[in-house]
Amino acid sequence: MKKEPLSFIFNVFTVLICVLGSARAQVETKRHVILLGAHERYNFGDLLTEKIVSKLLMMYLGYEDNEIIRAGIIPRDMTVYGGYDNIVSMKQAQTMSRTSSNGPFDIIYSGGETLGCRYGPALRMLHSQSLKELAFSQKIFECAYVVPKDLLLPLDDNGDQDKSV
């Protein structure tokens, strides 16, 4: 009985990876991918989702670990909780995407309750005032864990988004 929800989740991730794989097959250069979710939180589901999606990307699409950027609202080392050691803020991921030769990066939104999460509720999930201030300084969009792809595009000479890439 308990295997059914896990099986369903695995099937959803598998479909996601297949869709990504077919999309990736149509591009000439390999883009890095951002896993955007609440990876900076001490929450079993958020930590597990990052591990599952990362593993599927590596197993089925040939991504290397360094081609997967784990992003949240703050940079953080989550190894003490069994998570990833280099969670970057979305602001850092934006800069990386705009300046990388493997950009603009693609985004995978990971997490259920994070999809409609505005910045205020996301800040309340952080445990200290200093983390909340850090998160606010890293904000690039009103939705904490959903970011429009055009915010990852490189900037042209006028400082506008270069939509030709």
Side-chain angles (χ1 to χ4, degrees), residues 12-41 46-112 114-119 122-123 126 131 133-165:
V12 168
F13 284 136
T14 303
V15 168
L16 172 72
I17 296 304
C18 291
V19 169
L20 261 177
S22 65
R24 188 170 146 219
Q26 298 172 14
V27 296
E28 291 179 21
T29 59
K30 185 176 183 182
R31 293 184 177 182
H32 289 190
V33 64
I34 296 171
L35 294 185
L36 178 55
H39 309 300
E40 76 285 337
R41 294 186 197 169
D46 293 318
L47 296 173
L48 185 61
T49 299
E50 179 274 318
K51 290 184 177 299
I52 292 170
V53 177
S54 293
K55 189 70 167 176
L56 290 171
L57 285 168
M58 289 186 271
M59 283 175 49
Y60 293 107
L61 292 180
Y63 275 89
E64 298 294 325
D65 190 59
N66 67 333
E67 297 170 326
I68 303 169
I69 291 78
R70 288 85 169 170
I73 60 174
I74 58 171
R76 198 158 185 201
D77 178 348
M78 292 298 291
T79 53
V80 69
Y81 304 111
Y84 192 70
D85 67 340
N86 187 24
I87 306 299
V88 300
S89 72
M90 206 44 223
K91 189 173 198 173
Q92 291 170 311
Q94 179 186 45
T95 300
M96 293 165 68
S97 177
R98 286 179 168 173
T99 58
S100 173
S101 61
N102 297 98
F105 298 165
D106 291 320
I107 305 173
I108 297 175
Y109 300 104
S110 56
T114 59
L115 289 179
C117 187
R118 299 188 65 77
Y119 230 78
L123 290 177
L126 299 174
L131 289 178
E133 290 169 6
L134 176 60
F136 191 74
S137 75
Q138 298 293 301
K139 179 180 174 180
I140 65 168
F141 192 66
E142 187 55 39
C143 231
Y145 299 102
V146 177
V147 176
K149 172 84 177 203
D150 63 345
L151 291 180
L152 301 179
L153 296 175
L155 301 178
D156 62 19
D157 294 336
N158 298 324
D160 298 322
Q161 294 164 342
D162 184 359
K163 297 188 182 204
S164 67
V165 289

S.K.: Determine whether E40 and L126 make a side-chain contact, defined as any pair of heavy atoms from C-beta on separated by less than 4.5 Å.
M.R.: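 A side-chain contact under 4.5 Å exists here.
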S.K.: To the closest 0.5 Å, what do you measure between CD (E133) and CD (Q138)?
M.R.: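 Between atom CD of E133 and atom CD of Q138 there are 12.5 Å.
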S.K.: Between Y84 and D65, is the side chain to side chain donor-acceptor pair (under 3.5 Å) condition met? List the steps.
M.R.: CA-CA 11 Å; Y84 192 70; D65 190 59; 3.2 Å; yes
S.K.: Do the side chains of I68 and M58 get nearer than 4.5 Å, heavy atoms only?
M.R.: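 Touching, per the 4.5 Å side-chain cut-off.
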S.K.: Closest heavy-atom contact between H39 and A71?
M.R.: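 Heavy-atom minimum between the residues: CD2-O, 3.2 Å.
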S.K.: Any side-chain to backbone donor/acceptor pair from S137 onto L134? Under 3.5 Å, distance only.
M.R.: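 Indeed, once roles are kept as given, a pair shorter than 3.5 Å links the two residues.
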S.K.: In Å and rounded to the nearest 0.5 Å, what is the OH to OG distance from Y63 to S54?
M.R.: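 Going from the OH atom of Y63 to the OG atom of S54 covers 11.5 Å.
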S.K.: Any chance you could measure S89, atom OG, to K139, atom NZ, to the nearest 0.5 Å?
M.R.: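 S89 OG to K139 NZ: 14.0 Å, rounded to 0.5 Å.
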S.K.: Nearest 0.5 angstrom please: Q94 CD to I140 CD1, how far?
M.R.: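 The distance works out to 4.0 Å.
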S.K.: Minimum heavy-atom separation for I87 and G72, please, with both atom names.
M.R.: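 In this case the closest contact between I87 and G72 is CG2-N, 3.9 Å.
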S.K.: Looking at NZ of K55 and OH of Y60, how far apart are the two atoms once the value is rounded to the nearest 0.5 Å?
M.R.: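 Taking NZ in K55 and OH in Y60, the distance rounds to 10.5 Å.
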S.K.: Which atom pair, heavy atoms only, marks the closest approach of P75 to Q92?
M.R.: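 Smallest interatomic distance, heavy atoms only, reads CB-OE1, 3.3 Å.
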S.K.: Under 4.5 Å between any side-chain heavy atoms of S110 and R70, yes or no?
M.R.: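 Answer no - side chains too far apart.
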S.K.: CZ of F136 to CG of L131: how many Å apart, nearest 0.5 Å?
M.R.: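 Nearest 0.5 Å value for the CZ-CG distance: 15.5 Å.
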S.K.: Taking all atoms of both residues into account, what is the closest heavy-atom pair of V146 and Y109, and its distance?
M.R.: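 Where V146 meets Y109 most closely, the heavy atoms are CA-CE2, 3.6 Å.
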S.K.: Within the 4.5 Å heavy-atom criterion, are I34 and V147 side-chain neighbours or not?
M.R.: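 No. Closest side-chain heavy atoms not under 4.5 Å.
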S.K.: Side chains of E67 and N102: closer than 4.5 Å at any heavy-atom pair?
M.R.: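 Of all side-chain heavy-atom pairs linking N102 with E67, none is under 4.5 Å.
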S.K.: Of the non-hydrogen atoms in A122 and Y145, which two are nearest, and what is the gap between them?
M.R.: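 In this case the closest contact between A122 and Y145 is CB-CE1, 3.9 Å.
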S.K.: Heavy-atom count check: over 12 atoms from other residues, nucleotides or ligands less than 6.0 Å from K149 NZ?
M.R.: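 More than 12 heavy atoms, drawn from other residues, nucleotides or ligands, come within 6.0 Å of this atom.
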S.K.: Mind listing the closest non-hydrogen atom pair of L153 and P104 along with its distance?
M.R.: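 Heavy atoms only, the tightest pair is CD2-CG, 3.7 Å.
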